[in-house]
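Note that the structure is a prediction, hence the values are computed from the model and not measured. Any value given below was found using the heavy atoms of this structure, including those in side chains, with hydrogens, waters and symmetry copies removed. First the proteins, then the strands, lettered A, B, ... as listed; each starts at 1.
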2 protein chains.
Amino acid sequence: MANIQQVAEKAGVSVATVSRVLNHAASVSTKTRLKVENAIKELNYEPSMLGRNLRNSESRLLLVLLPSISNPFYTEIINGIQNTAIANSYNILLCETDSNPQRENIYFNMIKNKLADGVISMDPAVNRQKLTEIAESYPVILCSEYDEGGSIPFVTIDSELAAYQAVKHLIRLGNKKIALINSDEKFLYARQRRSGYERALKEFGLPIREEWIFHTKDLEFHNGVQAIRVLLELEEKPTAVFAVSDTLAIGALKGINGSGLHVPNDLAIIGFDNISFSNMTNPTLTTVSQPMYKMGVTAANMLIMNIKGEQVESVVLDHDLIIRESTMG
Amino acid sequence: MANIQQVAEKAGVSVATVSRVLNHAASVSTKTRLKVENAIKELNYEPSMLGRNLRNSESRLLLVLLPSISNPFYTEIINGIQNTAIANSYNILLCETDSNPQRENIYFNMIKNKLADGVISMDPAVNRQKLTEIAESYPVILCSEYDEGGSIPFVTIDSELAAYQAVKHLIRLGNKKIALINSDEKFLYARQRRSGYERALKEFGLPIREEWIFHTKDLEFHNGVQAIRVLLELEEKPTAVFAVSDTLAIGALKGINGSGLHVPNDLAIIGFDNISFSNMTNPTLTTVSQPMYKMGVTAANMLIMNIKGEQVESVVLDHDLIIRESTMG
DNA sequence: CAGCAATTTGTAATCGATTACAAAATGATT
DNA sequence: AATCATTTTGTAATCGATTACAAATTGCTG
């Protein structure tokens, strides 16, 4: 691969002039510009990002941190981020952290080393301390999961309200025994959704029973299967389930189907996220829809503004309850 | 962020010595090494990848190109790639191309610009010409989808054989009218799976009927729903369906359930890929399992060998037919 | 055509690391 | 203590771009 020197030589000009042509600087005569452009074509030259970035301290690359690409929840968010980034001449790199601090570290170093200009983190398990430290010197935006009282700007929805509305919907359908399949409450969203669940129950004078609240380790299908298995073995079985993620709800649905019970007649079920699978299950799944594409767009816009040096404000977007067959008893 | 100069100054040595400490060069006395290490800690110094890469022409970053992260098929492959990469002190960056040549170009440039040391491409739609050109100068491995007669090393399975076996399984169950839901035959795997489908039919003296072969535009659920809708409206309906992807099969299953027919009693169905969701459907889905994790590991190992300058041979891995409820009539 | 302003081009420093080579320090031997 | 081999350290070039500043060229005016 040719470098700028060789282009300059071939075109019979200095490297400065070549650089000016590359960066569309005004002060280059048409004649020399053409000479340089021809030399570039002839040599098949492409400028090295390394040299350029080293000098400019800019890479026009954005990092997107996510715990796992296997959760379809992230798909649409990433589309939103990517389209927005491209529209602003940025590119994105997806970084799967597995919620592993060492892997996170690798990607944080890319920021420190100017290999990327900013980060959008969707990883709830990320090392908060470290991220906050990074955010003091480099542009960082949190997407979906955030830090209450923290200083890093975020985009999210009102999880507490969404959970409250979902559970209220179950109550209005006549359910009095409503279980919650929650994830680990170290996550803010898990605490918020539990809080919304409890608020709805209290408001209608229903008791909060600990044995109807199940905590899963992860958000995989099998965690949902396992959760419902435990719930269905209780003396007093719930008549409805609210799961904090569609993957859990789908696992639960599978478990219920397998046990011979019928959804929604014996047991109603609501998920969260509106992933594309949720419309493929039998019955289709009632769920809370987050504006995922918009979240991605918003996060990317915020990050780009932040990179430009502007201050940005956190944003809370609207959600929707999508009612499908799993609550149409 | 401190640079190597400041560290050298603080430690009272030259930049060369600092660099030697960083790279664990032998010829540094214990005394100076400690001085330097202290200075590094005090200044919280981290070496700049840019400076290092520019000089070394090495980034220790691997690019993984995939058309869309929404297809769960890639999840396990990526795990395999990532674990192997990390074990060899490489990191991976996921690049979603949307099968868009412009986006692909961006990532190809990262290779040319030494921002990454090699590529694993899982994008069947990728610009072959360009990729072959890149592969002449830079390490490239194809994973899953490959180029027949091309020069780029690949890891894959025997799609033709897998399809043949799947269809033979349907025939043995007594099916004589077997439909194929295929994707666009511009993809090699689609042509191979069709070929396996036809071989099985021929072997058992069954006719190949064009109206039982449906081509979808993409691999999304709704494409499967649409396909089965057309197939179920035929005068002479098939009694079994082989879909070249689980996502299509799951869409088809949804469509069949919706039409009042029963799987597998009225219609048996087989998918391809063994994505995690295929075990969550009702009924669970018979499918061809590719050794995805192993494919990822193999591809990453091949790429790393290639980067080291060694020649590598293409690999064909074994697959399995996983029999579940959707063919247990 | 001299004189001056405006435009265009070139020179050389710079970004942050690595490393060949030279120089200095250390240690061993007589 | 002088000599020489070995180990350790430093100097300066280098990777490929950008850009401040200087220098050269061009165009205009009287």
**Q.** Test log, rule salt bridge (Lys or Arg N to Asp or Glu O under 4.0 Å), inputs B:Arg60 and B:Glu58
**A.** CA-CA 6 Å; B:Arg60 299 207 79 82; B:Glu58 173 190 79; 3.3 Å; yes
Q. Looking at DNA chain C, which of residues 27-39 of chain A put a heavy atom within less than 4.0 Å of it?
A. A:Ser27, A:Val28, A:Ser29, A:Thr32
Q: With the side chain counted from C-beta on, respond yes when B:Glu42 and B:Lys10 share a heavy-atom pair under 4.5 Å apart, and no when they do not.
A: yes
**Q.** Whether B:Glu148 side chain and B:Leu188 backbone form a donor-acceptor pair below 3.5 Å
**A.** no
Q: Please confirm whether the backbone N or O of B:Glu96 pairs with a side-chain atom of A:Gln82, one donor and one acceptor, at under 3.5 Å?
A: yes
Please write out each protein N/O paired with an N/O of nucleotides 16-19 of chain D under 3.5 Å, distance rounded to 0.1 Å.
from   : atom 1 : to      : atom 2 : distance (Å)
D:dG16 : OP2    : A:Asn3  : ND2    : 3.3
D:dG16 : N2     : A:Gly51 : O      : 3.1
D:dA17 : OP1    : A:Tyr45 : OH     : 2.7
D:dA17 : OP1    : A:Ser48 : N      : 2.6
D:dA17 : OP2    : A:Ile4  : N      : 2.4
D:dA17 : OP2    : A:Tyr45 : OH     : 3.4
D:dA17 : O5'    : A:Tyr45 : OH     : 3.3
D:dT18 : OP1    : A:Asn23 : OD1    : 3.3
D:dT18 : OP1    : A:Asn23 : ND2    : 2.9
D:dT18 : OP1    : A:Arg52 : NE     : 3.0
D:dT18 : OP1    : A:Arg52 : NH2    : 3.2
D:dT18 : OP2    : A:Ser19 : OG     : 2.4
D:dT18 : OP2    : A:Asn23 : ND2    : 3.3
D:dT18 : O5'    : A:Ser19 : OG     : 3.4
D:dT18 : O3'    : A:Asn56 : OD1    : 3.3
D:dT18 : O2     : A:Arg55 : NH1    : 2.8

Q. For the helix from C:dC1-D:dG30 to C:dT30-D:dA1, what angle lies between the axis at the first five pairs and the axis at the last five pairs, to 10 degrees?
A. 50°
Q.
Between B:Leu94 and A:Leu93, is there a side-chain heavy-atom distance shorter than 4.5 Å?
A. no
Q: Apply the side chain to side chain contact (heavy atoms under 4.5 Å, CB included) test between B:Met110 and each candidate in B:Asn105, B:Leu61, B:Val119, B:Leu63; give the one that qualifies.
A: B:Leu63
Q. Which value, rounded to the nearest 0.5 Å, describes the distance between B:Ile77 atom CD1 and B:Tyr293 atom OH?
A. 12.5 Å
(Q) Donor-acceptor pair, distance only, cut-off 3.5 Å: does the side chain of B:Asn88 make one with the backbone of B:Thr84? (A) yes
Q. Measuring from B:Ile92:CD1 to B:Ile81:CD1, what's the distance to the nearest 0.5 Å?
A. 6.0 Å
**Q.** Any side-chain heavy-atom pair of A:Val13 and A:Val18 under 4.5 Å
**A.** yes
